[in-house]
Amino acid sequence: MCLNNEHTVCITNRIAEPITNSYINQKIRGIIQLAKVRKITMHGLRHTHATILINKNANVKAIAECLGNTPVLIYNV
């Protein structure tokens, strides 16, 4: 999975091939089944993470920058 902005981040497998979103989703589904918790998508985890940070009074501007959003969007979603 590669993200391009100021810095390039690329998560690779053992033979240096980029890991795909579908691979990550497959692994998350397996972990969820093993943990016997409610199903959630990676996007759902993103929202959950932001919500937890907001509830802990984290700086909304910092949350927005981390997620590539604006503070207004964070508050609206």
Asker: Pair I40, T48 - check side chain to side chain contact (heavy atoms under 4.5 Å, CB included), show working.
Answerer: CA-CA 10 Å; I40 190 167; T48 300; 3.6 Å; yes
Asker: Quick one: pull up OG1 in T41 and CZ in R29 and give me the separation to the nearest 0.5 Å.
Answerer: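 If we round to the nearest 0.5 Å, T41:OG1 and R29:CZ are 10.5 Å apart.
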Asker: Spell out, as yes or no, whether a donor-acceptor pair under 3.5 Å connects the side chain of N69 to the backbone of L73.
Answerer: no
Asker: Through direct or indirect side-chain contacts below 4.5 angstrom among Ile, Leu, Val, Met, Phe, Trp and Tyr, which residues connect to I54?
Answerer: L53, V60, I63, L67, I74, Y75
Asker: Please give me the minimum heavy-atom distance between Y23 and I19, naming the atom from each residue.
Answerer: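 It is CD2-CG2, 3.3 Å.
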Asker: Which value, rounded to the nearest 0.5 Å, describes the distance between H49 atom NE2 and C66 atom SG?
Answerer: 6.5 Å
Asker: What distance do Q26 atom CD and T20 atom OG1 have between them, rounded to the nearest 0.5 Å?
Answerer: 8.5 Å
Asker: Verify the cluster assignment for V37 and L34: are they in a single hydrophobic cluster under the rule of side-chain heavy atoms below 4.5 Å apart?
Answerer: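 No: no chain of side-chain contacts under 4.5 Å links V37 to L34.
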Asker: Please name the pair of heavy atoms, one in K39 and one in I32, separated by the smallest distance, quoted to 0.1 Å.
Answerer: CA-CG2, 4.1 Å
Asker: Can you see which heavy atom on A64 is nearest to which on P71, and at what distance?
Answerer: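 Answer, listing the atom of A64 first, then P71: CB-N, 3.5 Å.
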Asker: Tell me, with the steps shown, if M42 and N21 meet side chain to side chain contact (heavy atoms under 4.5 Å, CB included).
Answerer: CA-CA 9 Å; M42 287 299 294; N21 287 341; over 6 Å; no
